[in-house]
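Take a look at the structure below.
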Amino acid sequence: MKIEQLYTDCLAEAAYYIESNGEAAIIDPLRETKPYTELAEKNGAKIKYIFETHFHADFVSGHVDLAKKTGADIVFGPTASAEYDILVAEDNQEFKIGNITIKVLHTPGHTMESSSFLLIDENGNDHALFSGDTLFLGDVGRPDLAVKTDLSQADLARHLYHSLRTKIMPLADEVIVYPGHGAGSACGKNLSEETVDTLGNQKKTNYALRPDMGEGEFVEEVLTGLVAPPQYFPKNAVMNKMGYESVDAVMARGLQELSANDVEKLQAEGALVVDTRTEQEFAVGHVPNSWFIGIEGNFAPWVGALIPNIEQKMIIIADEGREEEVVRRLARVGYDQAQGFLKGGLKAWEDAGKTVGRFNEVDAKEVIEDLEKINILDVRKESEFYSQRLVSDQILNNPLDFVNSNFEKVAKDKTFHVHCVSGYRSMIAMSIYKSKGFDNLVNIKGGFEALMEAEAPVSEYVCPSTML
């Protein structure tokens with residue numbers, strides 16, 4: 001028996017490869033299929049089943065393409081329905097993979113079709129639980145992401161409470177828990193950095209598994225502190241339910257080479273130029289009205305959170321050799337309309353005699369010297385802002401997460417000095433503001449970290465968890 005966790009940091013997502021005696025199963029694959037087919041080929045195994053714990057909201061699963069390429073059955077739990085062929089399992093139904101068994105445990109709550117998969121080993125022992133978004137390490141899945149349901153968040157939370165207590169907590173302490181996500185995912189509130197644990201340890205440490213917790217207390221704790229999910233979540237859930245264009249076609253379209261004139265023409269027709277280099281490179285030179293979303297940060301989730309139209313046509317600017325990575329990561333969150341990339345990057349744009357955009361920047365020490373004379377725009381999350389911030393009477397918090405709905409909070413006729421923690425989010429924000437006609441923005445190099453290092457006056461630190 002072989003179990004391999006394929007963890008993708010930028011989405012904080014875990015897919016799984018399970019194999020026994022020449023047969024394999026994949027749980028919650030990402031959009032690209034190659035990692036799974038290559039693993040099976042390397043081990044001389046045939047992929048027999050693709051198990052989906054639910055209709056994912058935070059990424060587009062690779063189940064449809066993978067099934068077409070391998071002939072594997074797509075298995076969902078009870079109540080699931082899709083616009084393509086799936087096998088809807090019954091609660092407690094078992095599937096054989098070589099000498100092992102996968103048992104479906106219907107665990108509604110995160111969504112109504114949500115199911116966990118219990119692996120029973122060659123000796124008939126409960127070995128591992130693939131818990132999807134039902135049970136995380138340190139947390140549980142948020143109950144507000146279901147698509148088209150008449151149930152309230154509280155209703156779903158009550159379902160989750162009973163799923164945990166009737167299906168998961170009775171399992172033996174030594175059962176290994178393999179969750180669908182880790183820290184950084186927006187599918188929960190307080191996920192652990194760890195990605196594997198025993199159920200026994202989770203019973204001791206996970207607040208949601210306290211044996212003395214009543215239903216009402218559970219519902220209150222699970223719902224407290226939830227913030228609105230990224231706007232792309234329901235769109236990805238629909239794609240996972242309805243099906244989607246082949247990722248091979250998406251990649252071929254996105255990897256077309258474009259000249260500077262091609263880019264200029266497409267941009268004039270409404271395409272969005274997305275610059276994926278570093279914030280430092282973007283600040284000193286970029287295509288006017290392009291958006292910065294650096295590949296080195298949480299690229300795909302920020303694309304999904306900030307670009308409202310999932311069908312938006314895009315042009316990519318990337319470091320040479322990273323174009324394929326950019327298009328692939330866009331596809332993971334359903335942004336399939338990349339039209340190609342600027343061959344030669346910004347240098348090709350400059351060599352063609354095109355206008356280059358730039359941002360003004362200042363060091364943290366300069367900000368401190370003029371702190372009482374300047375307007376500060378802090379684009380960190382509200383929880384970050386209220387936990388610790390610059391001491392200034394002229395500071396405004398407008399989180400990047402919701403920038404598209406809060407432009408009116410920032411006066412166009414005022415100059416704002418912008419910061420986040422380190423400079424990544426502030427440059428994203430500035431690029432978006434600039435494309436909307438905000439011309440009086442100055443970037444604080446190094447962000448809040450640089451301000452702290454320069455001994456800027458800041459408020460007393462308050463732990464964010466105490467503000468819930």
Side-chain angles (χ1 to χ4, degrees), residues 1-6 13-30 33 35-37 39-56 61-82 84-135 141 163 166-168 170-172 174-180 196 199 240-241 243:
M1 179 177 68
K2 178 183 180 66
I3 300 173
E4 185 163 341
Q5 183 184 72
L6 293 88
E13 192 272 347
Y16 295 93
Y17 174 89
I18 305 165
E19 180 197 314
S20 172
N21 196 28
E23 294 183 334
I26 311 297
I27 297 179
D28 293 340
L30 285 184
T33 59
Y36 316 108
T37 56
L39 263 175
E41 184 177 347
K42 175 184 174 183
N43 294 299
K46 176 177 174 55
I47 297 175
K48 186 177 182 182
Y49 295 112
I50 302 160
F51 292 100
E52 289 285 304
T53 56
H54 63 295
F55 291 112
H56 305 282
S61 178
H63 56 313
V64 176
D65 276 346
L66 189 57
K68 289 177 181 177
K69 291 182 177 182
T70 64
D73 289 325
I74 302 171
V75 181
F76 277 92
T79 78
S81 64
Y84 45 87
D85 290 337
I86 63 172
L87 197 166
V88 180
E90 296 179 2
D91 191 21
N92 296 315
Q93 185 172 346
E94 296 182 349
F95 295 84
K96 296 295 293 185
I97 302 164
N99 299 324
I100 64 175
T101 301
I102 298 290
K103 184 176 182 179
V104 178
L105 304 180
H106 188 208
T107 49
H110 177 64
T111 64
M112 286 307 293
E113 80 284 351
S114 284
S115 297
S116 302
F117 301 113
L118 179 65
L119 189 156
I120 302 169
D121 67 19
E122 301 91 334
N123 301 313
N125 298 316
D126 294 347
H127 177 78
L129 181 73
F130 300 89
S131 56
D133 289 19
T134 295
L135 176 65
S163 292
T166 62
K167 297 295 183 68
I168 291 180
L171 297 173
E174 59 266 24
V175 168
I176 301 168
V177 177
Y178 291 106
V196 181
L199 182 57
N240 282 318
K241 187 177 177 68

If every non-hydrogen atom of [X] is compared with every non-hydrogen atom of [Y], which pair is closest and at what distance?
X	Y	result
P78	V104	CD-CG1, 4.4 Å
I26	P29	CG2-CB, 3.7 Å
A40	I47	CB-CG1, 3.8 Å
D28	E52	OD1-CA, 3.4 Å
G98	N21	CA-CB, 3.9 Å
P108	S163	O-OG, 2.6 Å

Heavy-atom check, side chain of [X] versus side chain of [Y], under 4.5 Å:
X	Y	value
I176	I3	no
S116	L135	no
D73	K48	no
H56	E13	no
D85	I74	no
H106	T79	yes
L105	T134	no

Reported [atom1]-to-[atom2] distance for the pair [X] and [Y], which is rounded to 0.5 angstrom:
X	Y	atom1	atom2	value
T53	H110	OG1	NE2	7.5 Å
D133	T107	CG	OG1	10.0 Å
K46	T70	NZ	OG1	6.5 Å
I168	L199	CD1	CG	7.5 Å
F117	Y16	CZ	OH	12.5 Å
K2	S20	NZ	OG	12.5 Å

L30 backbone acceptor or donor facing Y36 side chain under 3.5 Å: yes

Has the side chain of D121 got a donor or acceptor atom that lies under 3.5 Å from a matching backbone atom of N123? yes

In this structure, which one of F76, F95, Y17 forms a ring pair (Phe, Tyr, Trp, His ring centres under 6.0 Å) with Y49? F95

T101 pairs by side chain to side chain donor-acceptor pair (under 3.5 Å) with which of E94, E122, K96? K96

Please lay out, stage by stage, how L119 and I97 fare under the test side-chain contact (heavy atoms from CB on, under 4.5 Å). CA-CA 10 Å; L119 189 156; I97 302 164; over 6 Å; no

Apply side chain to side chain donor-acceptor pair (under 3.5 Å) to residues K241 and S81 and explain how you reach the verdict. CA-CA 7 Å; K241 187 177 177 68; S81 64; 3.1 Å; yes

Kindly indicate, with the supporting measurements, whether the criterion side chain to side chain donor-acceptor pair (under 3.5 Å) is fulfilled by S61 and N240. CA-CA 6 Å; S61 178; N240 282 318; 4.9 Å; no

Given side-chain contact (heavy atoms from CB on, under 4.5 Å), test D91 with K167 step by step and report yes or no. CA-CA 10 Å; D91 191 21; K167 297 295 183 68; 2.8 Å; yes

